[in-house]
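Some notes on the structure that comes next.
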Amino acid sequence: MKRRKKTLYVLLRLAIAAALVFGIVRWAGGDEAEVRAGERSLDALMAFEPADGLPNYVNLMLEGGMTADTGLPEIPFAATGYSGASEDADLAADGGVLSWKNEKGWVEWRFRAERAGWYELHMGYKPLPGGNASAVRGIQIDGAYPFAEAQRIEFERMFKDSKYPYDTNEIGQQIRPTQTEITEWIEGPMVHFAASSEPLLFKLEAGEHTIRLTGVREGLALSDLSFRAPKPLPDYEAYQAALPAGDASPAPWFELLEAERVDRKSSVAIQTDYWSEPYISPDPKGRITYNVLGGWRWRLPGEWAEWDFSVPADGWYEIDLKSFQDYRNGFKAYRTISIDGEVPFRELSGYGVPNEKSFVIHPLSGEDGEPYRIYLDAGKHTLRLTSDSTPLQPVFLALKAALADLADYDREIRLLTGNYSKSSFDANIDSTRTWNMRSLDPEVEARMAGFIERMNGIRDYIDGLNGRDSDLSQSLRASIGILEELAKDVDEIPVKINNFSTIQNKIGTLLSTLTHQPLLLDYIVVRTPVTETGLKTSTLASRIPYAITEFARSFYLDYDTRAHNKKEALTIWVQRGRDYAELLRELVDQEFTPRTGIPVNINLMPNPNMLILGNAAGEVPDVALGVAESTPADFAMRNAAYDLSSFPDYEEVLERFAPGTARALMYDGGLYGLPEVQNFQVLFYRTDVLEGLGLSVPDTWEDMFDMLPTLQENGMTMSYPKADFATIFFQHGAEVYSPDGLNGQLTSPEAQEAFRMWTDLYVKHNLPIDVPAFFQHFRDGDIPLGIADFNTYVQLQVAAPEITGHWGIAPLPGVKNDEGVVERWSPQALSAGMIMEKSERKDEAWEFLKWWTSDEIQTRYASDLESYYGLEFRWNTANLKAMQSLVWPSGDVETLREQARWAKNMPYVPGYYFLTREMEFAWNRTVLEAMPAQESLEEAQLSLQREMRRRQKDFGIEDGHNLDIPQLTTPYEWKEGDE
């Protein structure tokens with residue numbers, strides 16, 4: 001077993017560390033036959049057809065023809081000498097620099113290769129000012145992408161903290177500084193650290209060629225391009241032999257590099273954090289002190305951090321990392337380590353930092369535990385650590401392909417047996433029926449055996465790579481057990497077919513984080529081999545007195561910033577999680593208070609009832625953030641919210657948002673809140689399923705109804721959220737309230753037509769009434785089409801990597817009007833900010849709301865939040881310009897822009913809460929009890945009107961009063977400069 005694990009580990013290291021690239025297959029302690037057997041196993045592991053027809057870079061490496069020729073001549077050409085470009089590419093040439101100012105179109109160059117071979121592609125570039133995200137371009141050679149990873153090559157930016165040491169607030173807590181972009185030109189080879197730890201190689205035959213860059217994200221300036229011969233990377237033994245003898249080391253000396261004092265980094269996501277335990281450096285001493293770097297904020301392949309350091313003399317040095325690496329059970333965290341821009345030897349390419357339960361001081365060392373020695377000249381140097389998932393890429397690709405094949409077989413069996421259901425809404429399988437699977441699929445046993453063999457091979461590689469058990473290995477073992485049980489009696493497969501979904505869900509969840517490489521650093525030590533640093537790590541014996549000291553500090557340290565500025569400060573209550581509030585607090589300390597001189601206290605509001613009780617008791621904040629969209633109108637009805645239209649510049653501020661969303665915050669001619677974040681509904685569709693059925697994305701509801709029979713004939717359907725009557729009503733031109741807000745209009749001709757369509761979805765078109773987990777059904781493919789919201793979008797981005805590239809979003813299907821325009825009206829749920837009527841600082845509160853909802857601050861808050869905590873924390877800002885500044889997949893932002901034009905939120909009037917209840921009752925009567933639609937709506941109208949009259953009387957609203965509901969009949973038109 002030990003020999004087998006070692007062989008597997010050796011195999012992956014060879015394949016990914018580019019030993020195969022240069023035709024060198026060596027490993028200390030492994031015989032040649034062992035390595036050859038491993039290569040054949042890796043070939044088998046990667047023997048699958050890519051879904052999009054493009055080979056992955058790993059496949060090209062394993063084909064064996066990717067050998068290095070170090071004598072290839074350089075092929076240089078100037079960026080400004082391009083031979084062609086598309087019309088939508090915004091280009092400007094000046095002084096040898098080509099500025100590609102947008103992310104659209106393509107640019108192409110012609111060149112000639114005198115010799116055939118595998119070349120590195122080098123470029124001089126600088127991302128143009130824009131967002132914090134790196135620029136992205138696709139690279140085509142002779143009109144085609146040479147491998148899948150060439151579709152998205154990142155041209156990274158560089159950042160650093162704006163100041164160090166950090167500022168502190170009035171009680172001594174450190175304030176995380178803003179991030180400053182380093183706008184310098186970068187020259188280097190094209191890399192992709194999910195595909196290879198070394199520069200990517202492009203195959204050129206002798207003769208004429210073209211290279212085309214295709215726009216994906218952000219603007220980019222280019223100075224020059226060149227194809228160059230690859231530079232071989234020696235192993236450690238060859239590296240040592242080429243330099244002075246190993247005993248040529250200076251006297252005892254070391255330098256400690258604080259990880260948080262990073263000099264350069266590739267992403268604002270790589271952030272400092274605070275940690276408290278014995279021997280952490282520096283010790284926080286009871287205060288928030290940003291003393292560590294990374295963790296989950298430094299996990300994505302290709303993200304790097306760089307430190308400057310100096311050594312006193314020429315000689316050999318060793319490097320230690322004080323690191324914490326227990327984010328993924330059983331997995332190493334991989335980093336490619338370079339000195340002065342070069343990886344010294346192959347073993348530092350994709351170097352694995354072991355999994356440990358606490359901070360440890362880890363010397364960079366070989367498998368034998370002997371520290372690696374690196375020769376450095378006296379003077380200044382740079383050390384860079386780059387997150388590298390290359391060793392896991394073959395497993396990721398093989399596992400993704402295996403799950404896709406399993407999903408295809410799942411769908412095939414359901415079609416053969418008529419068991420289309422994966423949930424309770426359409427259960428149609430007879431569990432007592434006897435099946436003969438061999439007659440339905442003569443190859444069923446071979447296919448099941450194939451799945452088991454593939455899963456076993458993947459599990460062996462994972463165990464061999466990690467040298468220990470892991471969460472993924474255990475999930476694979478459990479999944480293999482399920483498949484083996486099914487294989488024992490294949491006739492039971494139709495009855496137990498949902499087990500396939502169980503496997504896909506279990507492994508798919510782990511697959512989403514497989515290539516993540518989180519690593520937390522306290523400090524880095526550069527030292528001479530003979531040096532004893534005396535540095536320590538935490539132990540149980542040291543933690544006890546440390547905890548006692550921390551407890552004692554809690555009695556005399558002041559932790560309440562409010563005590564220092566309670567009388568002068570603006571009070572903000574935030575109805576969100578602590579992470580959101582803490583980031584807002586940092587932003588206020590960095591930006592708002594220094595700009596305006598207004599101190600701010602920010603407090604969490606875990607329960608919205610606190611606002612109601614506080615208002616009754618006279619203890620209210622100046623500003624409430626994160627409140628539901630109905631709250632401003634609710635408080636306005638009771639004279640508890642301040643009318644923002646009293647401020648002279650409110651109209652200018654209101655232009656930041658879609659008009660249809662803001663009408664939910666208006667009442668009786670006033671404006672009582674500003675939108676913060678908005679939800680959206682769009683149409684989600686599975687591209688692979690629709691293409692397989694020969695269907696296209698529907699544009700109107702008629703298109704949807706035309707394609708439903710095809711879906712249902714194949715055991716599929718679509719999903720529509722049952723509770724959403726507003727979308728269909730608005731698309732039919734129906735308003736539920738009269739313009740004066742005093743009467744319901746549920747029985748208007750437009751409302752009756754909309755209600756009939758809403759109920760016909762379930763009566764006539766047989767849509768599922770209850771889909772408790774659309775995300776999962778969409779992921780499985782049995783509901784390949786559906787209307788859902790922003791949360792589903794984030795879920796699919798984060799937790800469904802196995803269908804990446806096989807789904808998309810489109811504007812909602814709509815109703816074509818008399819002019820031929822497809823109306824897509826739909827509400828976009830909001831959370832809002834409001835000023836309380838009892839506030840004594842209304843002018844300061846308005847300054848805060850203007851600052852908080854501005855383009856600049858919303859863009860930065862959204863970017864920082866996502867960078868710190870990941871895509872699952874995406875801040876879907878209601879500010880239209882800021883929304884577009886977020887990093888969206890290229891086509892999705894156009895869909896969101898189109899749907900935002902048709903935003904129309906429901907107004908809130910006295911008695912509004914009866915509307916949803918009565919519409920649900922009406923739906924039940926028509927769909928479940930078969931009551932005619934008109935009769936059901938009339939009952940709803942009577943009940944709604946009765947409650948509206950009662951509440952109008954309570955609030956002293958007399959007949960003839962006009963609550964002035966804004967009417968929207970035309971969609972929002974984007975202004976010039978909004979794109």
query: So, do Phe657 and Thr853 sit near enough that their side-chain heavy atoms are less than 4.5 Å apart?
result: yes

field: Side chain Ser863, main chain Thr859, donor-acceptor under 3.5 Å
entry: no

message: Side chains of Tyr166 and Asp161 only: does a donor on one sit below 3.5 Å from an acceptor on the other?
response: yes

message: Quick check against the 3.5 Å criterion: does Ser839 have a side-chain atom that pairs as donor or acceptor with the backbone of Arg841?
response: yes

- prompt: Does Arg328 reach the main-chain N or O of Leu514 with its side chain, forming a donor-acceptor pair under 3.5 Å?
  reply: yes

- prompt: Does a donor on one side chain and an acceptor on the other come within less than 3.5 Å for Trp875 and Gln858?
  reply: yes

query: Salt bridge or not for Arg299 and Glu303, using N-O below 4.0 Å?
result: no

query: Cut-off 3.5 Å, side chains only: do Glu156 and Ser266 have a donor facing an acceptor?
result: no

query: Roughly how far, to the nearest 0.5 Å, is CG of Leu644 from NZ of Lys850?
result: 11.5 Å

Test item: Glu306 and Trp304 side chains (from C-beta on) under 4.5 Å apart, heavy atoms: yes

Atom pair CG (Asn876) and CE (Met883), whose distance is rounded to the nearest 0.5 Å: 7.5 Å

Geometric class of the Phe359/Phe324 ring pair [parallel <30°, tilted 30-60°, perpendicular >60°]: tilted

- line: Between Glu181 and the options Arg157, Lys265, Lys160, the salt bridge (charged side-chain N to carboxylate O under 4.0 Å, His left out) test singles out Arg157

message: Check whether Ser387 reaches the backbone of Leu300 with its side chain - one donor and one acceptor, N or O, closer than 3.5 Å.
response: yes

field: Backbone of Gly577 reached by a side-chain donor or acceptor of Glu582 within 3.5 Å
entry: no

task: Taking the side chain as every heavy atom from C-beta outward, state whether Ile374 and Leu348 have any atom pair closer than 4.5 Å.
output: yes

message: Determine whether the aromatic ring centres of residues His381 and Tyr317 are separated by less than 6.0 angstrom.
response: no

Separation between CD1 of Ile182 and NZ of Lys126, rounded to the nearest 0.5 Å: 13.0 Å

query: Hey, are the side chains of Ile524 and Phe309 touching, using non-hydrogen atoms and a 4.5 Å cut-off?
result: no

statement: Shortest non-hydrogen pair, Leu625 vs Met605, comes out as O-CE, 4.4 Å

- prompt: Is Ser162 reaching over with its side chain to a backbone N or O of Thr180, donor-acceptor style, under 3.5 angstrom?
  reply: no

task: Using a 4.5 Å cut-off on heavy atoms from C-beta on, say whether the side chain of Asn355 contacts that of Tyr327.
output: no

- request: Take Leu385 and Leu321 through the test side-chain contact (heavy atoms from CB on, under 4.5 Å) and record every step on the way to the result.
  value: CA-CA 11 Å; Leu385 272 63; Leu321 307 178; 4.2 Å; yes

query: Is the side chain of Ser389 donor-acceptor paired with the backbone N or O of His516 at a distance under 3.5 Å, no angle test?
result: no

message: Any heavy-atom pair between the side chains of Phe254 and Asp320 that's under 4.5 Å?
response: no

- prompt: Does OH in Tyr546 sit with more than 12 non-hydrogen atoms of other residues, nucleotides or ligands closer than 6.0 Å?
  reply: yes

task: Evaluate the side-chain proximity of Leu611 to Met836: yes if any heavy-atom separation is below 4.5 Å, no if none is.
output: yes

query: Can you say whether the rings of Phe790 and Tyr793 are parallel (under 30°), tilted (30 to 60°) or perpendicular (over 60°)?
result: parallel

Side-chain (Asp522) to main-chain (Ser323) donor-acceptor, under 3.5 angstrom: no

- line: Of all heavy-atom pairs linking Val191 and Pro199, the shortest is CG1-CA, 4.0 Å

Sequence neighbours left out, cut at 3.5 Å: what donor-acceptor pairs do the side chains of residues 290-297 make with other protein atoms?
from	atom 1	to	atom 2	distance (Å)
Tyr290	OH	Glu586	OE2	3.1
Asn291	OD1	Trp275	N	2.9
Asn291	ND2	Trp275	O	2.9
Asn291	ND2	Pro282	O	3.0
Arg297	NE	Tyr868	O	3.4
Arg297	NH1	Thr272	O	3.2

Side chain proximity check, Met123 to Met190, heavy atoms < 4.5 angstrom: yes

- prompt: Thinking salt bridges, do Arg527 and Glu318 make one under a 4.0 Å N-O criterion?
  reply: yes

task: Establish, from distance only, whether the side-chain atoms of Ser338 and Arg384 form a donor-acceptor pair under 3.5 Å.
output: no

- prompt: Got more than 12 heavy atoms from elsewhere within 6.0 Å of CZ, Arg595?
  reply: yes

message: More than 12 heavy atoms of other residues, nucleotides or ligands under 6.0 Å from CG of Asp649: yes or no?
response: yes

- request: Let me see the working for Ser134 and Arg217 under side-chain hydrogen bond (donor to acceptor under 3.5 Å, both in side chains), right down to the final yes or no.
  value: CA-CA 8 Å; Ser134 57; Arg217 186 176 71 199; 3.0 Å; yes

Short N-O contact, Lys101 and Asp90, less than 4.0 angstrom: no

Among Tyr650, Phe647, Trp851, the one residue meeting ring pair (Phe, Tyr, Trp, His ring centres under 6.0 Å) with Trp846: Phe647

- prompt: When you measure from the side chain of Arg287 to the backbone N and O of Ile171, does any donor-acceptor pair fall under 3.5 Å?
  reply: yes

- request: Quick one: pull up CD1 in Ile835 and CG in Asp843 and give me the separation to the nearest 0.5 Å.
  value: 8.5 Å

- prompt: Would you say the ring centroid of Trp852 lies under 6.0 angstrom from that of Phe592?
  reply: no

- request: Report yes or no: does Tyr580 contribute a side-chain atom to a donor-acceptor pair with the main-chain N or O of Gln575 at less than 3.5 Å?
  value: no

- line: So CG of Asn601 and CG of Leu570: to nearest 0.5 Å the spacing works out to 8.5 Å

- request: Answer yes when Arg264 and Glu184 have at least one side-chain N-carboxylate O distance shorter than 4.0 Å, and no when they do not.
  value: no

